[in-house]
Amino acid sequence: MLEGQYDSKKVENKIYKLWEESGFFNPDNLPNAKKRKSFTIIMPPTNANGNLHAGHALVMTIEDIMTRYKRMNGFKALWLPGLDHAGFETQVVYEKKLEKEGRSRFQIPKEQLYKEIWDFTQENKVNIKNQVRKMGASCDWSREKFTLDQDIVKVVYETFENLYKDGLIYRGKKIVNWCPKHQTSLSDLETKDDEKIEKFYYLKYGPFTIATSRPETKFGDKYVVMHPDDKRYIDYKNGQKIDLEWINGPITATVIKDKAIDMEFGTGAMTITPWHDAVDFDMSERHNLDKEQIIDLQSKLLPIAGEFTGMKILEARPKIIEKLQSKGLVEKIDENYKHVTKTCYKCNTLIEPQIMSQWFLKMKPLAEPATKAIQAGKIKFIPEHYKKIALHWLKNILDWPLSRQIAWGIPMPIKICENCGENFVDINNQLQSCTKCNSQLKKDPDTLDTWFSSGQWPFATLMNTGKNDFNNFYPTDVMETAGEIIFFWVSRMIMLGIYRTGKIPFKNVYLHGLVLDAKGQKMSKSKGNVINPLDLIEKYGTDALRISLVMGNTPGTSLALDENKIRGYKNFANKIWNAGKFVLMNTAGVDITKKPRLSKDDAKYLAELNKSIAKITKQMDNFKFYLAAEDIYHYFWHVFCDKIIEEKKKDILGEDLVKRDSAKWLLLEIYATCLQLLHPFMPFITEEIYQQLSIKNKEKCLMIEKWPD
RNA sequence: GGGCGCUUAGCUCAGCUGGUAGAGCAUUUCAUUUACACUGAAGAGGUCAUAGGUUCGAGUCCUAUAGCGCCCACCA
């Protein structure tokens with residue numbers, strides 16, 4: 001019998017265990033599994049480098065709502081959980097840990113570092129999985145995957161090889177974003193802009209004045225570029241040589257005319273540093289110019305800098321200006337030059353572009369079919385405006401650098417000849433010697449960008465399961481993730497999914513916004529406003545947290561998570577509990593399968609209920625969980641409890657037997673129906689009460705009851 | 001420079017294909033042991049950013065303006 005107030009702590013672990021032991025998280029075990037149509041959500045693999053945060057809590061809630069709803073609607077519902085090794089992210093987390101211990105990754109042999117991080121992620125995996133269980137997630141643990149599992153890596157390597165054979169993966173000597181602190185290259189998405197006010201130097205360069213904020217890169221500059229239409233420089237011709245005095249002595253400069261130059265900016269003339277600037281690199285490629293490295297990977301000047309060799313760039317900058325001044329080459333210095341610099345998104349260190357030999361993926365041929373599929377409406381975006389955002393990005397897509405110079409990740413499936421430098425894709429690790437010169441091969445020391453593996457997640461998780469999972473569950477139905485990672489992840493999954501399987505990887509993309517603090521501010525450790533979902537569960541119960549996260553949360557917009565709101569829904573949980581107490585107390589012996597003759601009022605109430613069910617169902621089908629939750633909440637509390645129960649009290653106690661039977665049956669019927677409607681949102685309390693309802697022919701658990709219609 | 005949003009009750013936000021505004025929280029008054037005080041009843045509150053337009057009729061569609069926010073981009 002239900003007693004006292006609802007106590008989530010007594011219920012949650014017990015109920016989760018009941019579900020797990022029922023086996024119904026695994027869709028193969030559902031009643032009549034073979035006849036059911038499949039419904040699949042692949043869980044975004046959680047980074048195995050920390051704890052669940054509020055954003056994860058939202059993911060778990062929304063996806064569990066969808067899964068439970070579809071399961072109750074007779075689908076073979078698969079929600080496949082997974083964890084991500086999260087290459088660079090995890091290595092950064094681990095490096096911070098090492099720093100605290102007074103160690104450095106650069107002193108640890110790569111194999112040992114890999115092993116240490118492996119152990120670190122294994123510990124985290126256990127934690128995270130327990131936290132996912134705390135959220136009530138009804139995912140199929142028997143199909144759990146990790147991005148470093150053998151079968152996943154196999155799929156990833158096969159895709160790599162296919163792409164290579166199709167000429168889409170190539171080794172390029174191109175300019176990349178280099179983080180001097182982390183000693184790795186990064187994709188454009190992994191850098192961010194940082195606005196700074198710096199000095200802007202106007203330097204005399206022969207007959208020209210050039211402007212720069214980075215004089216330390218200028219040692220090797222031997223091309224001076226201007227716009228072909230610039231009348232000021234009309235007398236200088238493309239290719240013209242000019243002898244001039246520069247930082248460390250006389251040099252010969254060459255005039256280049258290029259339309260990329262902005263005539264309005266600076267003096268309209270600039271020198272270029274192709275090794276350390278992406279624009280300059282492109283220009284030098286267009287005109288086939290020499291490129292020379294000035295700065296090494298530690299951001300120190302190379303011998304070309306003469307007396308400045310070995311200095312860190314920021315130390316060298318004022319000294320170089322001093323020297324230029326003494327030579328009379330500084331025209332003026334603008335002290336307040338506002339401009340943006342690229343920095344590492346993790347450590348804020350200034351990105352130093354470098355030319356390196358790396359593996360790239362040609363994106364245009366992959367983007368095209370993805371664009372077509374999206375334009376044809378084969379993938380539905382929720383909210384819709386993300387469609388435009390995705391298309392815009394795909395239209396302007398650049399090649400994707402895949403190599404990362406870090407230990408933690410999937411090794412590049414590449415062998416390099418020590419003698420002739422030839423590269424071989426070797427996904428099975430079979431090649432021993434170079435097929436060209438027969439010399440010894442060594443492994444490419446780099447690892448793959450983590451998004452290259454997670455970008456294949458929807459099919460990689462289903463391909464090598466030893467069952468018919470790929471055919472049964474792919475393409476998946478919904479990809480639910482943070483709007484923030486639409487480029488990093490969603491777009492790449494679409495491209496790689498179509499490439500590898502010929503099919504879109506998912507039919508719907510549901511993108512949620514950020515979870516903010518009560519004041520609407522982004523949570524961050526430095527602000528100290530991070531809300532830990534486990535604390536909230538402890539205080540208010542999982543069900544209250546879950547419904548707080550969806551109530552009023554429209555897709556794509558951020559949600560301010562206020563504890564008062566959660567407290568309110570804890571009260572709601574208690575309301576459900578108390579109403580249950582009342583209904584159970586007053587309906588003992590009622591057989592819900594035998595509908596009595598209903599009084600006029602009761603028939604009206606039943607019709608009203610059916611209307612509400614239809615409305616809520618429609619909202620669920622349209623992914624409007626925020627509306628469905630509100631309606632069921634409102635119906636349960638303010639219609640069922642406040643009106644119907646209050647009114648029926650007199651019938652239950654009254655003398656009229658027809659009215660009494662009618663009222664009792666109605667209360668039980670509505671209450672049981674509400675438990676079903678509420679179940680996807682608040683699974684623990686509803687299941688707990690369901691277990692105590694005495695209903696004929698009821699299922700083993702509410703989780704697999706039929707959704708009301 | 002390009003793109004995408006937002007602006008509705010004190011606060012947080014809903015309002016789908018157009019029919020003179022809704023929820024939760026907060027607030028005011030009342031009820032005082034009722035399944036539930038983690039409660040119930042009643043109430044107060046908004047010229048839906050601004051200006052035009054389409055329409056019999058516009059938070060809802062169109063245009064412009066203002067403010068706020070986010071994303072992308074190679075101004076040395």
Side-chain angles (χ1 to χ4, degrees), chain A residues 2-6 175 188-189 192-193 200-203 210-215 217-218 221 224-226 260-273 277-283 337 339-340 342 353 383-393 395-398 483-484 486-487 513-514 516 518-520 522 540-541 544 547-548 551-554 556-586 618-619 622 624 626-627 629-631 633-634 637-638 641-643 645-646 649 652 667 671:
Chain A
L2 307 183
E3 276 169 3
Q5 299 179 349
Y6 175 61
I175 197 152
D188 289 323
L189 291 173
K192 59 177 185 184
D193 290 343
F200 199 45
Y201 308 94
Y202 288 79
L203 307 177
I210 58 142
T212 183
S213 60
R214 299 198 62 195
T217 64
K218 299 279 141 197
D221 287 10
V224 59
V225 193
M226 51 222 85
I261 296 295
D262 180 355
M263 287 190 270
E264 309 288 310
F265 187 81
T267 60
M270 70 174 222
T271 62
I272 59 167
T273 313
D277 185 286
V279 188
D280 297 2
F281 176 84
D282 289 346
M283 238 183 271
Y337 175 57
H339 71 145
V340 288
K342 260 190 188 183
E384 243 170 293
H385 74 261
Y386 272 104
K387 180 177 169 175
K388 286 189 216 164
I389 295 174
L391 285 172
H392 185 254
W393 187 75
K395 200 177 147 196
N396 300 305
I397 200 161
L398 297 171
E484 273 187 311
I486 182 164
F487 306 134
L514 297 169
L516 307 172
K519 289 176 196 152
K522 207 166 172 172
Y540 306 106
I547 198 158
S548 302
M551 197 72 88
N553 188 359
T554 41
T557 48
S558 51
L559 171 84
L561 187 59
D562 188 345
E563 262 194 70
N564 284 322
K565 184 177 174 187
I566 308 172
R567 191 174 300 123
Y569 292 115
K570 178 179 185 272
N571 295 351
F572 180 51
N574 199 44
K575 188 78 183 177
I576 297 169
W577 188 258
N578 281 308
K581 255 194 284 188
F582 179 82
V583 171
L584 289 186
M585 234 156 45
N586 288 289
K618 196 177 163 199
Q619 282 157 347
N622 291 326
K624 298 196 173 175
Y626 59 105
L627 293 179
E630 203 175 298
D631 280 338
Y633 172 89
H634 188 264
W637 199 317
H638 300 299
C641 292
D642 292 348
K643 272 171 62 188
I645 289 186
E646 290 308 319
K649 277 178 182 171
I652 287 169
L667 289 186
Y671 188 72

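A, B, ... follow the sequence lines: proteins, then strands. Residue 1 opens every chain. The structure presented is a predicted model; accordingly, all values stated were derived computationally and were not measured.
- Taking the six-membered ring for Trp, Tyr569(A) and Tyr633(A) have ring centres closer than 6.0 Å.
- Whole-Å rounding puts the Asn396(A) CG to rC74(B) P distance at 11 Å.
- Rounded to whole Å, the separation between the P atoms of rA21(B) and rA44(B) comes to 15 Å.
- For the pair Ser558(A) and rG5(B), the criterion of a side-chain N or O lying under 4.0 Å from OP1 or OP2 is not met.
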Phe582(A) vs Leu667(A), side chain to side chain contact (heavy atoms under 4.5 Å, CB included): CA-CA, chis, key distance, verdict
CA-CA 10 Å; Phe582(A) 179 82; Leu667(A) 289 186; 4.0 Å; yes
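- Rounded to whole Å, the distance from CG on Asn574(A) to P on rU39(B) is 8 Å.
- Closest approach to the Asp188(A) side chain among rC13(B), rA35(B), rA73(B) is made by rA73(B) (side chain taken as heavy atoms from C-beta onward).
- Nucleotides rA49(B) and rA66(B), compared at atom C1', are 8 Å apart to the nearest Å.
- Atom P of rC16(B) sits at a distance of 13 Å from the matching atom of rG59(B), rounded to the whole Å.
- Using a distance-only test at 3.5 Å, with no hydrogens or angles considered, a donor-acceptor pair links the side chain of Lys565(A) to the main chain of Ser548(A).
- Distances shown here put a side-chain N or O of Asn571(A) below 4.0 Å from the OP1 or OP2 atom of rU39(B).
- Heavy atoms of Tyr201(A) sit nowhere under 4.0 angstrom from any nucleic acid atom.
- The shortest distance between the side-chain N/O atoms of Lys624(A) and the OP1/OP2 oxygens of rC16(B) is not below 4.0 Å.
- Between His339(A) and rA76(B) there is a side-chain polar atom (N or O) within less than 4.0 angstrom of OP1 or OP2.
- Annotated as anti: rG18(B), whose O4'-C1'-N torsion sits more than 90° from 0.
- When heavy atoms are screened at a 4.0 angstrom cut-off, Asp262(A) is found touching base atoms of the nucleic acid.
- Residue contacts for Leu627(A): at a heavy-atom cut-off of 4.0 Å it reaches the sugar-phosphate backbone alone, with no base atom in range.
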Determine whether Trp393(A) and Leu189(A) satisfy the following criterion, side chain to side chain contact (heavy atoms under 4.5 Å, CB included), listing intermediate values before the conclusion.
CA-CA 12 Å; Trp393(A) 187 75; Leu189(A) 291 173; 4.1 Å; yes
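- Within 4.0 Å (heavy atoms only), Thr273(A) reaches no atom of the nucleic acid at all.
- Nearer the 5' end of RNA chain B, as judged by each residue's closest nucleotide, is the contact made by Lys388(A), out of Gly552(A) and Lys388(A).
- Using a distance-only test at 3.5 Å, with no hydrogens or angles considered, no donor-acceptor pair links the side chain of Trp637(A) to the main chain of Ile576(A).
- Rounded to a whole angstrom, the distance from the C1' atom of rG18(B) to that of rU55(B) is 9 Å.
- Backbone-only contact: Phe487(A) has heavy atoms under 4.0 Å from sugar-phosphate atoms and none from a base.
- Of the two residues contacting RNA chain B, namely Gly266(A) and Ala579(A), the nearest-nucleotide position lying further toward the 5' end is that of Ala579(A).
- For the C1' atom pair drawn from rU8(B) and rA58(B), the interatomic distance equals 14 Å after rounding to whole Å.
- Residue side chain Glu646(A) does not reach the base of rA41(B) through any donor-acceptor N/O pair under 3.5 Å, judged by distance alone.
- If you check every strand for non-hydrogen atoms under 4.0 Å, Asn553(A) touches nothing.
- Comparing the same atom, P, in rA51(B) and in rG45(B) gives a spacing of 23 Å after rounding to whole Å.
- Nucleotides rU60(B) and rC48(B) have their P atoms positioned 10 Å apart, rounded to a whole Å.
- Between Tyr386(A) and rC71(B) there is no side-chain N or O to OP1 or OP2 distance below 4.0 Å.
- Residue contacts shown for Ala278(A) are absent, as no nucleic acid heavy atom lies under 4.0 Å away.
- Taking atom P in both rA41(B) and rC36(B), one finds a spacing of 16 Å when rounded to whole Å.
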